[in-house]
Chemist: 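Here's a structure for you.
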Amino acid sequence: AYRGVVDFATPRDGEVLERRRKLHTSRAAVTTTPPMPMTSLEWSALSRLKYLALSGTGVTDATLSVLAAHAHNLLHLSLSFCKEVSDVGVARVTDDDDGRCVFVANVQILELASCPGLTDACVPGLVACVSARRLDLRGCERVSQHACLRLAASVPRFVVSEDRLIIA
């Protein structure tokens, strides 16, 4: 189950709904506290997310798996400064069993800046971001500029505008 702050706007009413749960900052608190089960209303809300800002939180690859399974309408995902996000998590949101990924196909902005767990291995999967206008990998020390240039070469509308910032 997801623990953190979820901010989203429904396209019908434009209202912003905030749902807050305590953030567990220590690993001991996370492992000893049983996850709170999500209600059907919460699952429904997750499927209507358009914008999700999780930058600097304790988001893990497991969280990304939940998002990939349920947040199919997401347009903007911010994961910058998430120390637990790795190539495995990015692969979970950019790959699908049948070779296409519904999750990132709609994402227009994907912010992964300064995620120390990311390497060149995550970059080829970002080709699945077919609607992306911006992929931000700045500050990801283990992602090379060369990998970003290869991604831009494989998707003609992508351009590397500055160090590891890919725009369309």
Chemist: Does any part of the side chain of Leu46, heavy atoms only, come nearer than 4.5 Å to the side chain of Leu67, both counted from C-beta?
Modeler: yes
Chemist: So, using side chain to side chain contact (heavy atoms under 4.5 Å, CB included) as the criterion, who are the partners of Ala121 when residues are at least two apart?
Modeler: Asp87, Thr119
Chemist: Does Asp136 have any salt bridge (charged side-chain N to carboxylate O under 4.0 Å, His left out) partners at least two apart in sequence or in another chain, and if so, which?
Modeler: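 Per chain and number, Asp136 pairs via salt bridge (charged side-chain N to carboxylate O under 4.0 Å, His left out) with Arg138.
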Chemist: What pairs with Ser55 under side-chain hydrogen bond (donor to acceptor under 3.5 Å, both in side chains), at least two apart in sequence or on another chain?
Modeler: Ser78
Chemist: Considering residues at least two apart in sequence or located in another chain, which fulfil the side-chain hydrogen bond (donor to acceptor under 3.5 Å, both in side chains) criterion with Ser131?
Modeler: none
Chemist: Considering only heavy atoms from C-beta outward, does the side chain of Thr57 approach that of Cys82 to under 4.5 Å?
Modeler: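 Yes, side chains in contact.
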Chemist: Enumerate the side-chain hydrogen bond (donor to acceptor under 3.5 Å, both in side chains) contacts for residues 150-160, please, sequence neighbours excluded, ordered by first and then second residue.
Modeler: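 Non-adjacent pairs meeting side-chain hydrogen bond (donor to acceptor under 3.5 Å, both in side chains): His146-Arg150.
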Chemist: Between Val143 and Phe81, is there a shared hydrophobic cluster once you connect ILVMFWY residues whose side-chain heavy atoms come closer than 4.5 Å?
Modeler: no
Chemist: Among residues at least two apart in sequence or on other chains, which ones pass side chain to side chain contact (heavy atoms under 4.5 Å, CB included) with Ser161?
Modeler: Leu165, Ile167
Chemist: List for me each residue that meets side-chain hydrogen bond (donor to acceptor under 3.5 Å, both in side chains) alongside Asn73, sequence neighbours excluded, and say none if there are none.
Modeler: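 Not a single residue meets the side-chain hydrogen bond (donor to acceptor under 3.5 Å, both in side chains) criterion with Asn73.
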Chemist: Any side-chain heavy atom of Val93 sitting closer than 4.5 Å to one from Leu110?
Modeler: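 Not touching, per the 4.5 Å side-chain cut-off.
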Chemist: Answer yes or no: is there a side-chain heavy-atom contact under 4.5 Å between Pro116 and Lys83?
Modeler: yes
Chemist: Does Gln108 have any side chain to side chain contact (heavy atoms under 4.5 Å, CB included) partners at least two apart in sequence or in another chain, and if so, which?
Modeler: Leu75, Arg133
Chemist: For Ser144, give me all partners under side-chain hydrogen bond (donor to acceptor under 3.5 Å, both in side chains), at least two apart in sequence or on another chain.
Modeler: Asp120
Chemist: Would a single hydrophobic cluster contain both Leu135 and Val127, if residues Ile, Leu, Val, Met, Phe, Trp and Tyr are joined by side-chain heavy-atom contacts under 4.5 Å?
Modeler: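 Yes: a chain of side-chain contacts under 4.5 Å links Val127 to Leu135.
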Chemist: Counting C-beta onward and ignoring hydrogens, is there a side-chain heavy-atom pair between Gln145 and Val160 closer than 4.5 Å?
Modeler: yes
Chemist: Can you name the side chain to side chain contact (heavy atoms under 4.5 Å, CB included) partners of Ser86, sequence neighbours left out?
Modeler: Asp61, Val88
Chemist: So, the side chain of Thr94 versus the backbone of Val90: is there a donor-acceptor pair under 3.5 Å, distance only?
Modeler: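 A pair under 3.5 Å: yes.
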Chemist: Taking only residues two or more places apart in sequence or in another chain, which ones pass salt bridge (charged side-chain N to carboxylate O under 4.0 Å, His left out) with Arg164?
Modeler: none
Chemist: Does a side-chain heavy-atom distance below 4.5 Å link Ile109 with Glu111?
Modeler: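 In contact.
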